[in-house]
Amino acid sequence: MSVIVLTGGPGSPGVTTTSLGLTLCWPGDVMLSDCDRDPAQAIPAGYLRGLDLGGRGLAVLARLHREARGIGPELIRQTIALTREETTNRRFLPGFAQPGAVRLFDHIWPELAEAFTDLGTQGIDVIVDAGRLGHDGLPTALLEVADAIGFVLQSNLKSLAASRLYLPLLVDQVHELPADRPLGLVLVGPGRPYSTHEITAQFGVDCWTRIPWDPRPAGVLSHGLTPPRGFNNSPLLGSYRVAALHLTQRLERARALRHELLQGGAP
Ligand SMILES: Nc1ncnc2c1ncn2[C@@H]1O[C@H](COP(=O)(O)OP(=O)(O)OP(=O)(O)O)[C@@H](O)[C@H]1O
Ligand SMILES: [Mg+2]
């Protein structure tokens with residue numbers, strides 16, 4: 001199974017909304033992890049409309065790490081269900097409850113990242129909302145376990161200008177990883193005004209996914225607004241379904257290729 005890390009630059013391009021949308025439309029069991037280092041409680045206060053998290057989340061995992069009790073076995077217990085479906089399990093791991101807690105997490109990222117990959121053995125994919133890139137990029141441990149890294153941006157000049165400052169940091173960080181980690185753009189609102197082609201040409205990074213600009217359904221995910229009529233059939237939800245499917249197929253192909261190479265390399 002896979003770990004997908006989503007991030008972006010400043011200006012709120014839609015990282016959280018897209019991460020949540022993909023999670024809700026993912027074609028299998030999945031956990032969305034809020035790893036935004038600028039904690040905002042965006043999902044509990046937005047989509048979950050102030051749901052009591054019962055103290056669950058990264059703070060508990062940090063305490064377990066300090067007590068050397070291991071994060072892995074406790075990870076799923078620190079999540080809550082995002083939907084009530086019977087067929088697919090969609091969980092949410094709440095993020096930092098206090099801004100100061102982020103600093104204390106520096107040496108915990110590797111154990112959390114390892115716990116994410118271990119979830120794969122239970123057939124659960126992980127989507128990480130890594131929030132906006134800092135001046136130092138993202139925690140390397142998260143990138144090291146990522147099967148796909150998506151940089152979310154919009155097609156307007158403000159978002160492109162911010163991306164021009166921050167995307168190179170991520171590209172450099174990914175190049176320095178010991179193993180190849182695929183990086184692609186997730187374009188929110190293509191053609192408003194710049195086209196996908198213009199944007200990929202400017203940045204030299206492939207565009208994996210195009211999410212249409214669809215503010216009312218987006219408000220359901222980002223702000224917990226009442227779903228408008230036709231929400232489930234909206235262009236936004238449709239695009240998340242297609243994107244989730246394409247992404248899982250891309251990851252499956254990459255896995256098959258790795259397997260083939262390993263087999264071919266065996267004596
Ligand atoms: N496809 C979309 N169509 C229209 N509006 C969108 C879309 N995706 C996100 N938005 C809107 O953009 C705003 C910012 O979204 P979101 O909070 O997901 O951004 P973010 O990148 O996570 O921001 P931050 O860096 O502050 O965490 C929200 O109001 C959300 O409703
Ligand atoms: Mg966010």
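Indexing begins at 1, ligand by ligand and atom by atom, following the structure's order. Remember, predicted model here, so these are calculated numbers, not experimental data.
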Could you tell me if any non-hydrogen atom of P13 lies under 4.0 Å from any atom of ligand 1?
yes

Return a yes/no value for G14: is any of its N or O atoms, backbone included, closer than 3.5 angstrom to an N or O of ligand 1?
yes

Could you list which atoms of ligand 1 come closer than 4.0 Å to a heavy atom of L236?
1 (N)

Below 4.0 angstrom from a heavy atom of D214, which ligand 1 atoms are there? Numbered from 1 as shown, please.
2 (C), 3 (N), 4 (C)

Is there an N/O/S atom in S12 that lies less than 2.8 Å from the Mg ion (ligand 2)?
no

Regarding ligand 1, does Q154 bring an N or O atom to under 3.5 Å of one of the ligand's N or O atoms?
no

Nearest protein heavy atom with distance in Å, relative to atom 7 (C) of ligand 1:
A218 CB, 3.6 Å

One finds that the ligand 1 atoms under 4.0 Å from a non-hydrogen atom of D36 are 27 (O)

Any atoms of ligand 1 less than 4.0 Å from a non-hydrogen atom of R132? List them with their elements.
24 (P), 25 (O), 26 (O)

Give yes if a backbone or side-chain nitrogen or oxygen of S222 is under 3.5 Å from a nitrogen or oxygen of ligand 1, and no if not.
yes

Which atoms of ligand 1 sit under 4.0 Å from any heavy atom of V15?
18 (O), 19 (O), 20 (P), 21 (O), 22 (O)

Is there a polar contact between ligand 1 and I211, counting only N or O atoms under 3.5 Å apart?
no

Decide whether the shortest distance between a heavy atom of P212 and an atom of ligand 1 is less than 4.0 Å.
yes

